[in-house]
There are 2 protein chains.
Amino acid sequence: MATPRARPRRATIFDVAAEANVSRGTVSRMLNGEPYVSDSAREAIEKAIAKVGYVRNMAARNLATQRSKAIALIVHEPHSVFLEDPNIGAILLGTNERLSEADYQLVCLIIGSDRDSTRIAEYLRGGFVDGAVIVSAREHDPIADAITHIGLPAVFVGHPESAPDMPYVGIDNRGAARDITRELLATGRKRVGMIAAALDRDSGSERLAGFRDAMGDDFDERLVVDFPLYSRTSGVEGMKTLLERADDIDGVFAASDAVAAGAMDVLRESGRSVPGDVGIVGFDDSDWALRCQPQLSTVRQPADLLGREAASMVLELVNGVTPETPGRILPTEIKLRGSA
Amino acid sequence: MATPRARPRRATIFDVAAEANVSRGTVSRMLNGEPYVSDSAREAIEKAIAKVGYVRNMAARNLATQRSKAIALIVHEPHSVFLEDPNIGAILLGTNERLSEADYQLVCLIIGSDRDSTRIAEYLRGGFVDGAVIVSAREHDPIADAITHIGLPAVFVGHPESAPDMPYVGIDNRGAARDITRELLATGRKRVGMIAAALDRDSGSERLAGFRDAMGDDFDERLVVDFPLYSRTSGVEGMKTLLERADDIDGVFAASDAVAAGAMDVLRESGRSVPGDVGIVGFDDSDWALRCQPQLSTVRQPADLLGREAASMVLELVNGVTPETPGRILPTEIKLRGSA
DNA sequence: TTGTACGCGTTATCAA
DNA sequence: TTGATAACGCGTACAA
C-alpha cells in the first residue's frame, strides 16, 4: 500500500513576487528586514506570502549568503558517559539558551564511532554550520584536528593541551582540586589518596595535578589509582584497590561525584564510616552529591554557564571578532557538606 | 587585536575539473560513485582533489538534490527532565547508531522555550533535514502540529493521542504497567497505591490506566497521586502524601524508577522497611533501579532499540516507503529484584 | 565515456 | 524605492 504522498512543490520567492506584483528583489529585501520597501509593497507581499504558503528555502539562502545561522555542539563520549555525566547536559542546555537568544540554531552532533568522526568532519566542512563548540575533547582528538584544519570558528569547553591555541572556556581544575584537597587535609587526615579518572582529558589530568600540589611532600603515588571514565564503577573499583594497598587510608579525593559515590558504597560495605573513619570529597556538585549519605563535600562547577560562555565566544568569532583573551576561566565554588 | 583571518575561498568542483583537465560533470559523477568514469579520469580527479583541497559544498548539493541526508531528533523537555531521564539519552544514541550506518547525520534539536519552538519549525521547513524523530512529545505539542503541517516524514517515539495517524514506535505502557502491578499484588499486598507522573504524555497516562486495569475493583483513587515530572522529587512528595492518606499502605507502583527511588527514601525515613512493610515497583530499569537498596523490581524498556527502530522507520519514509503498520510496539521485560 | 547547459531558490549589485 | 540579472556550487538530462 505504498502511497508516497508526493510533497507538493514548495512556493518560492518567485511565486510570492508574481502574486504580489513586485520583483523578487523587493520580496527578498522585505524578508530580510532591509530598508527601502514601501508600505504598499510590504502589505501586498505579506498577503501573497500567506496566500501561497511561502517559506524560505534555507539551502538556497545558505548557498547565497555563505552562512547557515547554525552552530554545532560536538560531543565525543562513549555511550555510558554521555548518559551519566551531568555536566554535558547542562552545557548543552546553556549553549542552546544563548544561541537561541541570538537566533542561532544549535545542532548537536554525537560522535559514537570512527565512522561518525569522518562523517561529521565532512558535515562541518559542508557549510551546514558557521561554528562549533566542542565538549569533552580528548587529547589529540581527530575531530579537533579536523576543525582547526578546516578553519571553522570553534570554541572548546575545556582546554586540551594538544590544541593550545584554540579559544576555550573552562574552569581552573587544578586550582579547584588543590583547594578541595586542602579542605580534606584540614580535617586532620593523615593518609590521603585519590581516585583519578579520565587522564586523557585535561580535566582529569589537571585534577590530579591539583591533588599533587596540595599533598606536597606527603604525596604518595601508591595512593593514587586511575580509570578511564568518570563513573560510579570507577569509584567502586578504585576504592577497593586503595583499601588493599593501604588499610589505614583516612581520606579520599574522588575525581568526580559519581566516582565518590561508588567509593562511599565500598567504604560502607567494608564497615568504615564516613566521615568518621574516612573523609571523602568529590567534584562537580551534581545530583550524586546530594544523593550520598552523608552528602558530599565537592566543587561546584557552573556547567550551564560554561555552555553559555562558549556560545557567546563562538558567536563573536563567527562575526569576525577575535577575542582578546584566548580563553576564559569561570569561577568554581567549594561546597562543604558532611562527607569530610 | 582583531585579525579575522579571512577564510580562503574554498575550492569548488570547477577548480578540481580544471586541475584534472576534465569537465565538471565528470568530477560530479565520480564524486557520487556513478558509473561511466574512466580509470584515467578517476585517477586524475583524485589527485586534483587532494591538491586543491576540495570538499563538497553541502548547501549547494542540497539545493540541487532537494535533500540533506540529515535527520532531526527533536527533544521537547524542561531542563531538569532532560538531564535526569535516562531514556532520552539511550534513544538518542540508538538513533544515532542506526542513522550512522545509513550514512545519515543525526541533528539533535532541543526545545527549551517557545522561541525555540518557532525557530525549529522554520529550521525543519528550511530543508535542513529530510525527516525527524520526535521524542517525548506532549499531547497537542505545537512542534508536532507543525511537522504534520509541513508534511515532513516523521516518526514519534511514543504515541500521543493528539497525533494518532503519525507513524510511531513505542512500548505497551499500559500492558507493562498492568503486569508489574500484578507482580506486586502477587506478593500479597492489600493496600496498593500509585505515584503517577507526566499524565500529559501518553506514557504517563497509559501507565496509570494499566495500574487501574490490574487493581480492578480494588482500585482506590485516593491512593493515587500524580505529578508533572518523572523525577525523584515527585517520588518524595508523592510518598509523603500517600502515607498521610493511608498509614497502612503496603504497596506502591511508581511511574518510573526515579520516582520509586524518592519514595523509598521517604519510606525508610518513616521507619518502614522495603519490601517487608511496603513493596514497591518502578518502571524503566534505569540506573536508579540498581542504586536502590534493595534493588528495584521494575519494567525494562529497550530505549536504545526504540531509537534504532524510529531511525529505521524514518529512513523508510524518507525513501518513499510507507510502512505497512502505522506503529511498532517493542517488547518490555519485567525485572524482579528485591523491592517487592 | 565525456562535455554542455540548464535548474535549484536566494542574495547582492547595479542601473533605472 | 524598485527591477533585472549575475552569482552561489552542484546535479543531471542530453548531446556528442
Side-chain angles (χ1 to χ4, degrees), chain A residues 7-46 48-49 52-70 122-128 130 150, chain B residues 7-46 48-49 52-70 122-128 130 150:
Chain A
R7 272 196 267 171
R9 196 182 76 76
R10 296 172 33 164
T12 73
I13 276 198
F14 198 90
D15 303 321
V16 175
E19 181 70 31
N21 275 319
V22 295
S23 76
R24 303 207 298 278
T26 307
V27 176
S28 178
R29 280 192 296 272
M30 131 114 200
L31 249 35
N32 296 323
E34 282 170 31
Y36 301 130
V37 35
S38 67
D39 289 348
S40 61
R42 165 166 285 114
E43 204 171 321
I45 293 173
E46 274 168 358
I49 287 180
V52 303
Y54 169 78
V55 290
R56 257 203 189 83
N57 180 320
M58 290 305 214
R61 167 181 248 239
N62 291 174
L63 183 58
T65 60
Q66 307 282 50
R67 39 168 59 207
S68 66
K69 281 225 148 197
E122 201 162 326
Y123 185 90
L124 295 175
R125 279 190 297 244
F128 281 104
D130 298 335
I150 296 169
Chain B
R7 272 196 267 170
R9 196 181 77 75
R10 297 173 32 167
T12 73
I13 278 197
F14 196 90
D15 302 321
V16 175
E19 180 70 31
N21 274 319
V22 296
S23 77
R24 304 206 296 276
T26 307
V27 176
S28 178
R29 279 193 294 272
M30 131 110 198
L31 250 34
N32 297 322
E34 281 171 31
Y36 301 131
V37 35
S38 67
D39 289 349
S40 62
R42 165 165 287 114
E43 204 171 320
I45 293 174
E46 276 167 358
I49 286 180
V52 303
Y54 167 78
V55 290
R56 256 201 190 76
N57 180 320
M58 290 307 218
R61 167 182 247 241
N62 291 174
L63 183 58
T65 61
Q66 308 282 49
R67 39 167 60 206
S68 66
K69 282 224 144 198
E122 201 161 328
Y123 185 90
L124 295 174
R125 278 191 297 244
F128 280 104
D130 298 334
I150 295 169

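Letters A, B, ... are given to chains in the order of the sequence lines, protein chains preceding strands, and every chain is numbered from 1. Values below: all heavy atoms of this structure, side chains included; hydrogens, waters and symmetry mates excluded.
The side chain of B:Y36 contributes no N or O atom lying less than 4.0 Å from OP1 or OP2 of D:dC14. Taking side-chain N and O atoms only, A:N62 has no distance below 4.0 Å to OP1 or OP2 of D:dC8. Between D:dG9 and A:Q66, a contact under 4.0 Å exists linking OP1 or OP2 to a side-chain N or O. A close approach under 4.0 Å does occur between a side-chain nitrogen or oxygen of A:T26 and OP1 or OP2 of D:dG3. Of the side-chain N and O atoms in A:T65, none sit less than 4.0 angstrom from OP1 or OP2 of D:dC8. Phosphate proximity of D:dG11 to B:N32: present, with a side-chain N or O under 4.0 Å from OP1 or OP2.
Straight-line distance from the CD1 atom of B:I49 to the C1' atom of D:dC10: 13 Å, rounded to whole Å. We find that CG of B:L63 is positioned 9 Å from P of C:dC8, with the value rounded to whole Å. Here the P atom of nucleotide C:dT1 and the CD1 atom of B:I45 are 13 Å apart, to the nearest Å. Taking atom CE of A:M30 as the reference point, atom P of D:dG3 lies 14 Å away to the nearest angstrom. Between B:F14 atom CZ and C:dA5 atom C1' there is a gap of 13 Å when expressed in whole angstrom units. Rounded to a whole Å, the CZ atom of B:R29 is 6 Å from the C1' atom of C:dT2. Distance CZ (B:F128) to P (C:dT10): 12 Å, rounded to an integer number of Å. Taking atom CG on B:L31 and atom P on D:dT12, their separation rounds to 12 Å, with Å as the unit.
Comparing A:A64 and A:R24 against DNA chain D, the residue whose closest nucleotide sits nearer the 5' end is A:R24. Projected onto DNA chain C by closest heavy-atom contact, B:D39 and A:A60 fall at different nucleotides, the more 5' of which corresponds to B:D39. Of the two residues contacting DNA chain D, namely B:S28 and A:P35, the nearest-nucleotide position lying further toward the 5' end is that of A:P35.
Counting any heavy atom pair closer than 4.0 Å across all strands shown, B:A59 reaches no nucleic acid atom. Here A:V55 lies in heavy-atom contact (under 4.0 Å) with sugar-phosphate atoms only. Within the 4.0 angstrom heavy-atom criterion, only backbone atoms of the sugar-phosphate kind lie near A:I13; the bases stay farther away.
A donor-acceptor pair under 3.5 Å is formed between the side chain of B:S68 and the backbone N or O of B:F128. A donor-acceptor pair under 3.5 Å is formed between the side chain of A:T65 and the backbone N or O of A:R61. Checked by atom type and distance alone, the side chain of B:N62 never pairs as donor or acceptor with a backbone atom of B:A59 at under 3.5 Å.
Ranking D:dT12, D:dG9, C:dT10 by closeness to the A:T12 side chain, first place goes to C:dT10. Of the candidates D:dA4, D:dC10, C:dA12, C:dA12 carries the atom nearest the A:E34 side chain, counting heavy atoms from C-beta on.
For the atom pair B:M58 CE and B:K69 NZ, the distance stands at 8.5 Å (nearest 0.5 Å). Atom OG1 of A:T26 is separated from atom CD of A:E34 by 11.0 Å, given to the nearest 0.5 angstrom.
A 4.5 Å side-chain heavy-atom check between B:R29 and B:I45 finds every atom pair outside the cut-off.
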